[in-house]
Amino acid sequence: MDGSGLPETRSTCPYCGVGCGVLLRPDGQGGLDMRGDPDHPANFGRLCSKGSALGETVGLDQRLLTPRVDGRQSDWDSALGLVASRFSQTIAEHGPDSVAFYVSGQLLTEDYYVANKLMKGFIGSANIDTNSRLCMASSVAGHKRAFGTDTVPGTYEDIDAADLVVLVGSNLAWCHPVLHQRVLAARKARGTKIVVIDPRRTASCDSADMHLALEPGSDVALFNRLLVKLYEGGALDKGFLAHTNGFDDTLHAAFSDDPSVTGLERVRIDKFCELWMRTEKVVTIYSQGVNQSSSGSDKVNAILNCHLATGRIGKSGCGPLSVTGQPNAMGGREVGGLANMLACHLDIENADHRAAVRDFWDAPRIPDAPGLKAVDMFRAVGDGRIKALWIIHTNPAVSMPEADAVRDSIAACPFTVVSDITEQTDTARLADVLLPATAWAEKDGTVTNSDRTISRQRAVLPPPGAARPDWEILAEVGRRMGYSAAFDYSSPAEIFREYAALSSLGSHFGRDFDISAFAALSDRDYATLAPVRWPVTASRRGGRFFADRRFFHSDGKAKLLPVRWRPPAAKTEPRYPFRLNTGRLRDQWHTMTRTGLSPRLAAHLPEPFAEIHPGDASRLGIARADLVRLTSPTGTAILRARLTDTVNPGQVFAPMHWTGETAPSARIDALVAAATDPVSGQPESKASVVAVSRFDAAWYGFAVSTREIALRSDYWALARTRHGYRAELAGAAAIADWEGEARRLFDAPDAQAVSVADHGRGVARIVLHEKGIVLGALFVAPEPVAVMRDYLSTVPGTAADSVLTGRPPADVPDPGPVVCSCFGIGVNSIIDAVESGKAASVEAVGAALGAGTNCGSCRPEIATLLQSIRQREAAE
Ligand SMILES: Nc1nc2c(c(=O)[nH]1)N[C@H]1C(S)=C(S)[C@@H](COP(=O)(O)OP(=O)(O)OC[C@H]3O[C@@H](n4cnc5c(=O)[nH]c(N)nc54)[C@H](O)[C@@H]3O)O[C@H]1N2
Ligand SMILES: Nc1nc2c(c(=O)[nH]1)N[C@H]1C(S)=C(S)[C@@H](COP(=O)(O)OP(=O)(O)OC[C@H]3O[C@@H](n4cnc5c(=O)[nH]c(N)nc54)[C@H](O)[C@@H]3O)O[C@H]1N2
Ligand code: SF4
Ligand SMILES: [Mo]
């Protein structure tokens with residue numbers, strides 16, 4: 001409870017794998033009031049900008065509220081009947097491997113369990129894979145090779161106790177902000193050093209002691225060098241090595257690798273190695289710069305080798321910590337959501353494991369070989385081997401590599417079912433049957449975060465329209481396919497108990513995963529379940545793995561793995577001279593179907609862009625704010641150029657978030673080649689090759705509107721604002737009648753227009769009014785339009801009369817682009833506070849304006865801003 005008297009419900013944030021606890025309370029108008037849960041062990045009350053804005057994303061205006069079949073509204077009985085009969089019919093005609101499920105690390109454990117049981121146990125195929133293939137598969141493979149099972153040995157408390165935190169291919173400040181706050185707290189409390197290993201200078205570097213901008217894909221060579229240095233420096237733990245195999249071969253391989261492929265100066269590498277060697281308590285946090293690579297599994301093992309060789313694992317303040325991306329990426333691994341796993345960390349290829357799971361499920365059949373991994377699965381959809389496909393809680397037409405080909409394959413699949421919360425996604429638009437799922441705040445279940453803590457998600461809002469929880473939809477299809485007894489579930493608690501009972505097989509076969517103490521959990525205890533770290537058995541709750549130096553290979557030892565550096569699969573060449581790196585932004589979540597609804601979040605970076613080194617840009621004749629075309633062997637994109645030396649020459653970085661719904665020319669995965677890691681099958685999302693050229697626009701535009709804008713130009717990008725929408729536009733072909741175009745864009749044929757135009761110069765400004773209220777405004781110029789966008793975004797729906805100038809009236813300050821999205825503080829407000837002497841530090845900016853004092857994610861940006869103002873002042 002808090003002051004208002006209404007009860008708060010404990011739940012978990014549905015975004016990243018930090019797994020922050022939240023306290024939710026419906027505001028009575030369909031929305032939510034929320035705050036961080038002070039008692040949750042992942043966040044102790046903290047939230048990042050995305051978590052804080054969750055209340056703005058639960059509205060119903062884009063929600064899918066009824067099933068749809070062939071684009072027409074339908075009902076559950078017809079839709080589910082059709083799904084069950086088409087799957088059954090396809091299996092009868094073409095065998096179980098002619099169907100597939102593609103699911104998600106954002107599913108709750110209970111949803112995931114039912115999907116896996118239906119496909120592997122009852123349909124009898126292993127063709128269920130998940131977007132975790134694009135995310136965690138290399139870590140899973142690396143863990144299994146080193147430890148014999150997919151155990152994450154590190155915990156969040158280890159960060160608090162570490163003296164050195166190494167971030168490898170992880171932009172923790174933006175992607176796991178609350179964990180990053182924890183690293184910074186350790187630095188404050190005990191002087192923890194921070195090293196970032198990333199080809200790009202990210203927000204995480206702002207607070208780091210050292211940034212190693214290594215060549216893309218060269219991590220193995222760097223960690224091999226570290227192993228050599230540890231050996232030469234006498235830093236190995238011989239006692240610990242007795243509990244491992246493979247050291248000699250591993251060291252030999254490490255010696256034969258050439259560290260110069262990292263592109264880093266020897267002295268910098270040595271400095272890093274010495275710091276690592278000198279510091280007993282080292283936590284290495286790694287993420288997609290490691291996993292999403294054609295040598296991802298080897299990168300993981302190269303890191304694990306160093307921790308194993310020094311015994312820096314299984315004790316406080318030490319260890320490798322693979323941070324999971326999605327809220328239940330870890331739960332999905334436990335439940336067996338990957339095509340090459342069974343359930344509870346058991347192996348599909350092991351006959352004993354198979355037999356035990358089959359008996360437990362009373363299943364007719366269990367496949368004896370792994371199913372198709374994501375990239376191969378969509379290839380099989382493309383060449384007709386898969387004839388019925390069910391996509392749940394993921395948007396592969398955007399997020400898979402070679403996304404245009406994947407989109408076309410899904411479109412051509414004879415029968416595609418999509419379960420989503422909205423029909424406005426690139427994937428949902430391709431569905432034959434579209435099933436409305438309940439969303440985060442409306443559903444119950446559990447998730448497991450990056451450090452093995454299982455937390456409850458709890459429903460606080462009623463399911464809208466006909467929406468149903470994913471587990472229920474899956475179970476209903478199972479029953480309709482003839483497996484009534486196996487899918488006779490009536491609640492997530494019942495599924496969780498069954499899963500917990502199954503997990504005793506984990507221990508039975510000597511595996512780590514076991515939550516069998518929950519097998520008899522009552523509905524009430526499930527309802528009130530507090531966050532708990534697994535394993536949870538009669539004799540053990542949580543605790544640390546490997547403290548006893550016992551691993552899960554058959555001889556109980558860990559394995560060091562000889563690994564050698566390999567370059568990324570795609571080679572730069574004269575036609576494609578740039579390396580394309582991709583990743584995430586602070587305030588958007590993947591394909592933006594939820595974060596895109598929040599005006600606050602959209603304000604941070606409202607348009608897709610490509611970061612290019614200024615030297616490369618000037619060579620290519622690309623100026624600030626120009627549009628650029630990126631072309632790869634698989635696709636093309638048009639994006640805004642951002643000239644910055646945070647990327648090295650020869651490299652381009654672009655965010656992954658924009659889609660056919662928000663910026664159709666910026667579907668970045670259209671450019672990404674589907675090269676995969678040979679062990680994990682994880683695609684190399686960060687090292688494709690592209691050509692870069694200036695996009696020759698005949699005109700550029702900027703528009704604001706109260707309603708969604710009917711965009712269709714060569715380039716456009718749409719974002720929400722508090723007052724409606726804003727859009728960037730550009731086209732290669734001239735348009736003669738701009739007023740007509742404005743009426744079309746704003747769907748306002750009869751509105752009054754005020755305009756100024758200079759046809760000779762190609763400049764036009766049109767404002768459409770209705771009864772004195774601004775409906776929309778369009779600004780066009782032959783070069784990138786210079787108007788005050790943040791001010792103009794506040795104009796639609798008001799009676800503002802200075803719109804045509806593109807600037808605010810003299811007495812209204814322009815806050816400038818948003819830096820702090822929690823409090824909506826713009827860059828100009830911060831500059832004013834600094835220049836007027838009101839604030840001279842990040843803390844003082846916080847005290848004066850509030851900026852940076854809630855989630856703290858913008859503090860690196862404020863620090864950079866302060867630095868650049870100081871530099872400018874010094875130069876003056
Ligand atoms: N704001 C936000 N947070 C998120 C998400 C989101 O969509 N938005 N998604 C969540 C999910 S599912 C995931 S998986 C995580 C991902 O979290 P992160 O892995 O931290 O995020 P990315 O931006 O994908 O990539 C991390 C970094 O890898 C670097 N990199 C590229 N190539 C290499 C290389 O060869 N070596 C090294 N060492 N680094 C390289 C990139 O420059 C990039 O800065 O974030 C989670 N959190
Ligand atoms: N180039 C490039 N590509 C990448 C990456 C990269 O770094 N670079 N990262 C990869 C990684 S790590 C990941 S995890 C993926 C993420 O990529 P996706 O999983 O494709 O992205 P999301 O936008 O999270 O898709 C989730 C979908 O589920 C829907 N949804 C929301 N709630 C529910 C619900 O309760 N039930 C159902 N059924 N649906 C719901 C949403 O509306 C949305 O359409 O992208 C991968 N692709
Ligand atoms: S760090 Fe942010 S996105 Fe991740 S779980 Fe916490 S509040 Fe949610
Ligand atoms: Mo991910």
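Since this is a predicted model, take the numbers as computed values, not measurements. We use all heavy atoms of the structure for the numbers below, so side chains are in, but hydrogens, waters and symmetry mates are not. Counting begins at 1 with the first residue of the sequence.
With a 4.5 Å cut-off on side-chain heavy atoms, T109 and N328 count as touching. Between R200 and Q651, the closest side-chain pair of non-hydrogen atoms is not below 4.5 Å. Considering only heavy atoms from C-beta on, L346 stays 4.5 Å or farther from D352 through its side chain. The side-chain heavy atoms of V183 and L179, taken from C-beta on, include no pair separated by under 4.5 Å. Side-chain contact check for D298 versus R566: some heavy-atom pair is nearer than 4.5 Å. Put simply, the side chain of I285 reaches to within 4.5 Å of the side chain of L172, judged on heavy atoms. Taking the side chain as every heavy atom from C-beta outward, S632 and L580 never approach each other to under 4.5 Å. Residues V282 and D163 fail the side-chain proximity criterion, which asks for heavy atoms closer than 4.5 Å.
Checked by atom type and distance alone, the side chain of R586 never pairs as donor or acceptor with a backbone atom of W174 at under 3.5 Å. Listed for the N305 side chain is a donor-acceptor partner under 3.5 Å among the backbone atoms of N301. Under a 3.5 Å cut-off, the side chain of T453 and the backbone N or O of N449 do not form any donor-acceptor pair.
At a cut-off of 3.5 Å, with distance as the only test, a side-chain donor of T591 or N395 sits close to an acceptor on the other residue. The closest side-chain donor-acceptor pair between Q288 and S685, if any, does not fall under 3.5 angstrom. Between the side chains of N171 and S204, a donor-acceptor pair is found at a separation under 3.5 Å.
Look at R201 and D206 and you find no salt bridge, because none of the NZ, NE, NH1 or NH2 atoms lies under 4.0 Å from a carboxylate O. Ion pairing between D150 and K144 fails under the 4.0 Å rule for side-chain N and carboxylate O. A salt bridge links K315 and E280; the closest N-O separation between the charged side-chain nitrogens and carboxylate oxygens is under 4.0 Å.
Residues meeting the ring-ring contact (aromatic ring centres under 6.0 Å, His included) test with W565, sequence neighbours left out: none. Contacts of H143 classified as ring-ring contact (aromatic ring centres under 6.0 Å, His included), with partners at least two apart in sequence or in another chain: F147. Taking the salt bridge (charged side-chain N to carboxylate O under 4.0 Å, His left out) definition, one finds that R452 meets it with nothing, sequence neighbours left out. Taking the ring-ring contact (aromatic ring centres under 6.0 Å, His included) definition, one finds that H353 meets it with F509, sequence neighbours left out. Residues satisfying the ring-ring contact (aromatic ring centres under 6.0 Å, His included) test with Y286, not counting sequence neighbours, are none. In this structure D158 satisfies the salt bridge (charged side-chain N to carboxylate O under 4.0 Å, His left out) test together with R544, sequence neighbours excluded. For P655, the side chain to side chain contact (heavy atoms under 4.5 Å, CB included) partners two or more places apart in sequence, or in a different chain, are L585, F609, F653, H657, W658. With sequence neighbours excluded, the residues forming a side chain to side chain contact (heavy atoms under 4.5 Å, CB included) with D97 are S125, N127, listed by chain and number.
What you find for A161 and S316 is that their closest heavy atoms are CB-OG, 3.6 Å. Minimum heavy-atom separation, Y156 to G17: OH-O, 3.2 Å. For the residue pair I386 and A100, the shortest heavy atom distance occurs at CD1-CB, 3.6 Å. Heavy atoms only, all atoms of each residue included: Y102 and M400 are closest at OH-SD, 3.7 Å. Heavy atoms only, all atoms of each residue included: G311 and F240 are closest at CA-CG, 3.5 Å. Listed here is the closest heavy atom pair of K557 and A242: CE-O, 3.4 Å.
Between D677 and the choices S294, S297, S138, the side-chain hydrogen bond (donor to acceptor under 3.5 Å, both in side chains) rule is met once, by S297. Applying the side chain to side chain contact (heavy atoms under 4.5 Å, CB included) test between F551 and each of N245, L308, D512 identifies L308 as the sole match. N131 pairs with exactly one of I391, T394, L107, V103 by the side chain to side chain contact (heavy atoms under 4.5 Å, CB included) rule, that one being T394.
Pairs engaging residues 216-244 under the side chain to side chain donor-acceptor pair (under 3.5 Å) rule: D219-K299, N224-D257 [sequence neighbours left out]. Screening residues 299-323 for ring-ring contact (aromatic ring centres under 6.0 Å, His included), with sequence neighbours left out, gives W276-H307. Residue pairs that meet the ring-ring contact (aromatic ring centres under 6.0 Å, His included) test with at least one member in residues 315-343, sequence neighbours left out, do not exist here.
Note that CD1 of I159 and CZ of R187 are 14.5 Å apart. Values are rounded to the nearest 0.5 Å. To the nearest 0.5 Å, the span separating CG on L560 from CG on L227 amounts to 7.5 Å. With values rounded to the nearest 0.5 angstrom, N291 atom CG is found 8.0 Å from S680 atom OG. Rounding to the nearest 0.5 angstrom, the gap separating the CE atom in M656 from the CG atom in L134 is 8.5 Å. Remark: I269 CD1 to L264 CG distance equals 5.0 Å, nearest 0.5 Å. Expressed to the nearest 0.5 Å, how far CD of E215 lies from OG1 of T262 amounts to 8.0 Å.
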Taking it one step at a time, do F223 and I197 satisfy side-chain contact (heavy atoms from CB on, under 4.5 Å)? CA-CA 11 Å; F223 281 89; I197 299 173; 4.0 Å; yes

Decide salt bridge (Lys or Arg N to Asp or Glu O under 4.0 Å) for R385 and D383; before the verdict, give the C-alpha distance in whole Å, the side-chain angles of both, and the deciding distance to 0.1 Å. CA-CA 6 Å; R385 278 175 289 150; D383 65 23; 3.0 Å; yes

Start with the C-alpha distance between E265 and K271, add both sets of side-chain angles, then the distance that settles salt bridge (Lys or Arg N to Asp or Glu O under 4.0 Å), and finish with yes or no. CA-CA 10 Å; E265 288 167 54; K271 220 171 132 199; over 6 Å; no

side-chain hydrogen bond (donor to acceptor under 3.5 Å, both in side chains) between Q106 and W589, intermediate numbers included: CA-CA 12 Å; Q106 295 168 66; W589 177 260; 3.1 Å; yes

Pair R575, E573 - check salt bridge (Lys or Arg N to Asp or Glu O under 4.0 Å), show working. CA-CA 5 Å; R575 258 187 319 163; E573 45 149 318; 3.6 Å; yes

Test side-chain contact (heavy atoms from CB on, under 4.5 Å) applied to H590 and Q326, step by step: CA-CA 10 Å; H590 296 162; Q326 301 175 91; 4.1 Å; yes

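The aromatic rings of W534 and F513 sit perpendicular to each other, their planes meeting at more than 60°, with 30° as the lower class boundary.
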For residues 367-376, please give each side-chain donor-acceptor pair under 3.5 Å, one per line with the distance, not counting sequence neighbours.
none

